[in-house]
Amino acid sequence: MQRRLRSYLYFVGAALLGLAVAWTPALAQRPSSTTEPQQPTAFAYAAPALIKELDTKYPFPPPVPPSPPRPGGVLHIPSGVLRSFDPTIGWASELALVWDTLLEWESTWYFPEAQTKPMIRKSLAESWEMVDPSTWVFHLRKGVKFHNVPPVHGREMVAEDVRYSYELLKNKTGYSSRAAAIKEVQVLDTHTVRFHLNLPDPNFPLNHVNSFSPVILPKEAVEADGGLGKYPIGTGAFMLKEFASGEGALLVKNPDYFMRDQEGRQLPYIDAIRLFFTRDAATEAALFRAKRVDLMRPPTLDMLYELLKTVPDAWLYRVPSLGWLNYAVYLRLDKAPFNDVRVRRALSMAINRDIVKETINRGDASLYGPFPWVQAGYTRRDDYSYANLGPNYAYNPAQAKQLLAEAGYPNGFEITLEWGELRGAANGDFAVAVAKFFEDIGVRTKIRQVDTSIWTAMRWGAQPFTDALIAFTPPGSGPSFMDWVYLPHHSTSPPTVNAPHIADVKLDEMLDAWRLAPAEQQLAIQKQLWDYLREQVYRITTIVPPHYRVTQAYLHAGGVPYCWFTGFCSYEGKTAWMTDKAPKRKFEKFAQ
Amino acid sequence: MWIYIVRRTLQGVLVLCLVSLTIFSLVRSLPGDAIIMQLDQAAALSKEDLARARQELGLDRPFWQQYGTWMRGALHGDLGHSLTSRKPVSAELGKRVTLTLHLAILALCVALLMAIPVGIMSAVRQDTVTDYTGRLCAIIGLSFPDFWLATVIITFMAIWWHWMPPMGFEPIWVDPVKCLEQLFIPALIIGARLSAVLMRMTRSALLEVLREDYVRTARAKLTSGNKVSKRAFRCYA
């Protein structure tokens, strides 16, 4: 008995000692006295200082990557889960690594100055000419070959492939909206096609640059038994070697790729890309720390801080977002009270955007208006201000209450605010903040979370939402004004693009004037549209956090350090290169 | 006997039909939409796109027709195609079954390797520091949920050692070393919980045997306690 008791006491003693050892450092970090002003925790305290430090250490624009690039290596990229790798089944940005479109955005488009005058990179199309605003002739690049594998065997891409692909993808998910702009594609000769448009568009090439534009497919592969799922053949810089369902994909370099860099070197530089389908940012961060992936996009400043703390030699690209993942509220404009502009203004004025910035990303975010700043001519970050947004965007609850009273709602009204989870977005926090602001002016808000797929359907207008919906405004490809503004606001656009049902005759006229105006006059019309939309507040926009992209020290992202989507900027994959410090990786198969 | 077998077989078929019908109904009654989830990156999809995709997969047909088509296929050995990947379900299932089997066997090995020695030590040295430590570990193993343990291990391994197991899956008959490297951590996490249960079972069962009369007699006759314990363990085993 005595022996048992002694053993027990030894054990308890050892456990207490262990606890004491673990506890001492924690106690040492606590404030010694409650009477002294309590120090904020290191983490919360770090945010403003960290933002300042990031501004200095990682300037915008970032430095040009060194030259010459080193060929070889295997790039590891995290990606969302792709269900398939086949354009005839569904669109995914990563498909652009294997399949090319006729045109792409020029690599420097992310510079604000470049966004006001976007430039087109010639991909499969070499030149084009306008016959009339509804008819365009495109001359294809000669000598472009499909991947040299059966059943296509590396044959040349010709005009018939363009006609076939546009016809095929006209009815396919994702590509249909772009292909629908084209009434007919005629083959004039082996390397020339003529596009007949449904609506006149004097700036058709600029409005057609989009990763939703049809990619060019070889008929033999599509119609072979198993289709593109079995024969994923395109003209792109990479060839799909393996698609591991639910895990990832392995893409290897296309040795016959037509594109070269400015010095005439063959692209792509790297031997292969391994995509990892990750399901959350924490996994991505762990993979990044272990050098299993070479780049990642931390969704928040908190995660960025943690990442830079543990991988101090990582390089950060931190640039203001054009508008992707802005935090906005959609309203049902087709019913009362949201069809009254005074109510919309009141709801917008009820929101304190400075607090939203703090809530969402510890203050590291920009104000956001009806559409991207640069498209209204605001190219400097100092321009992103309340002064340029106007009174409807400034926090003014007293004025908001007065507007509600004028609109006939002195006691407010009840609304349902719906939201859904989205990876990388703090929609839940935003919904709570918005509801609190609405409550403050008497709008009783019931928050309702819906399944992500239902939220997605609501956001795209495939399913109606009740009153208000937390959503980011429709994203565009690159600096396309057509995507960002024209389509989401035009009454003739389908609800999948114009989910809040905006139907404004004056707005339609302005948008049509923009579409038909010569390129040099468009910026002035865009500014008029900005002024009009910030008065109408069809979508209540608030803030947009910057993009963070962290890369390993051994990775140079080539000419496009500003791209966030592998597919939107497939050029990134083509021009990325790695130093000899990169881990040696094999690429015979996906499993490592 | 034959009547019993036939009855049980028929009951089994009925249960399988009911289970399949229930699962089929549940999947379709849950909130969400497989088509939209599949197309969640296609920001430009339209209602027509959705309708077309549903038509392609036969999801626009009445429920009973869908179930009938599926059941007919299943009876012919065709489980159909995945709603999301559009690949044959049997192929998708085969891949996952292989991985699951690998993981289950490895986790069991890990659990046995941890549980049996600790359980024996705990029983043989009952009420000593060794026993308390073993029992504490078992309680910790039972208390921590697997998903939490997995997150902690992955995060801290990446932070402290900048290491993570390689991604992907290689069957053991293709590359045994790679397979173990890939699956060791998941097997350890699953095995840790299992080992806690096994350790407690081993300890209590062995203690029961050690308290038997014949063990007490053996203890009285034999000078070495180890020999008694070994024989007691044989009896337990």
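Small disclaimer: the values here were computed from a predicted structure and weren't measured. Each chain gets a letter, A, B and so on, in the order its sequence line appears, and its residues count up from 1.
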Visitor: Surrounding CD of B/Glu212 (heavy atoms of other residues, nucleotides or ligands, distance under 6.0 Å), is the total greater than 12?
Guide: yes
Visitor: Can you tell me if A/Lys586 has over 12 outside heavy atoms packed within less than 6.0 Å of its NZ?
Guide: no
Visitor: Looking at side-chain heavy atoms only, is the closest gap between B/Thr155 and A/Glu306 below 4.5 Å?
Guide: no
Visitor: Give me the atom names and distance for the closest heavy-atom approach of B/Val174 to A/Lys589.
Guide: CG1-NZ, 4.1 Å
Visitor: Does atom CG of A/Asp313 have more than 12 heavy-atom neighbours, drawn from other residues, nucleotides or ligands, at distances under 6.0 Å?
Guide: yes
Visitor: Can you tell me how far the OG atom of A/Ser245 sits from the NZ atom of B/Lys95, to the nearest 0.5 Å?
Guide: 6.0 Å
Visitor: Using a 4.5 Å cut-off on heavy atoms from C-beta on, say whether the side chain of A/Arg289 contacts that of B/Trp160.
Guide: no
Visitor: To check you understand the geometry: which heavy-atom pair defines the closest contact between A/Phe590 and B/Gly168, and what is its length?
Guide: CE2-CA, 4.0 Å
Visitor: Could you look at A/Leu487 and say if it's the side chain, the backbone, both or neither that has a heavy atom under 4.5 Å from chain B?
Guide: neither
Visitor: Chain B: which of A/Phe288, A/Phe85, A/Phe276 shares the most heavy-atom pairs with it under 4.5 Å?
Guide: A/Phe276
Visitor: So which part of B/Pro171 gets closer than 4.5 Å to some heavy atom of chain A, the side chain, the backbone, both or neither?
Guide: neither
Visitor: On a heavy-atom basis, which atom in B/His162 and which in A/Thr310 lie closest, and how many Å separate them?
Guide: CE1-O, 3.2 Å
Visitor: For the CZ atom on B/Arg135, are there more than 12 heavy atoms of other groups (residues, nucleotides or ligands in this structure) within a distance under 6.0 Å?
Guide: yes
Visitor: Between B/Glu170, B/Glu181, B/Gln182, which residue shows the highest count of heavy-atom pairs closer than 4.5 Å to chain A?
Guide: B/Glu170
Visitor: Can you give me the closest heavy-atom contact between A/Ala286 and B/Ala158, atom names plus distance?
Guide: O-CB, 3.5 Å
Visitor: So do the side chains of A/Val293 and B/Met167 get within less than 4.5 Å of each other, counting heavy atoms only?
Guide: no
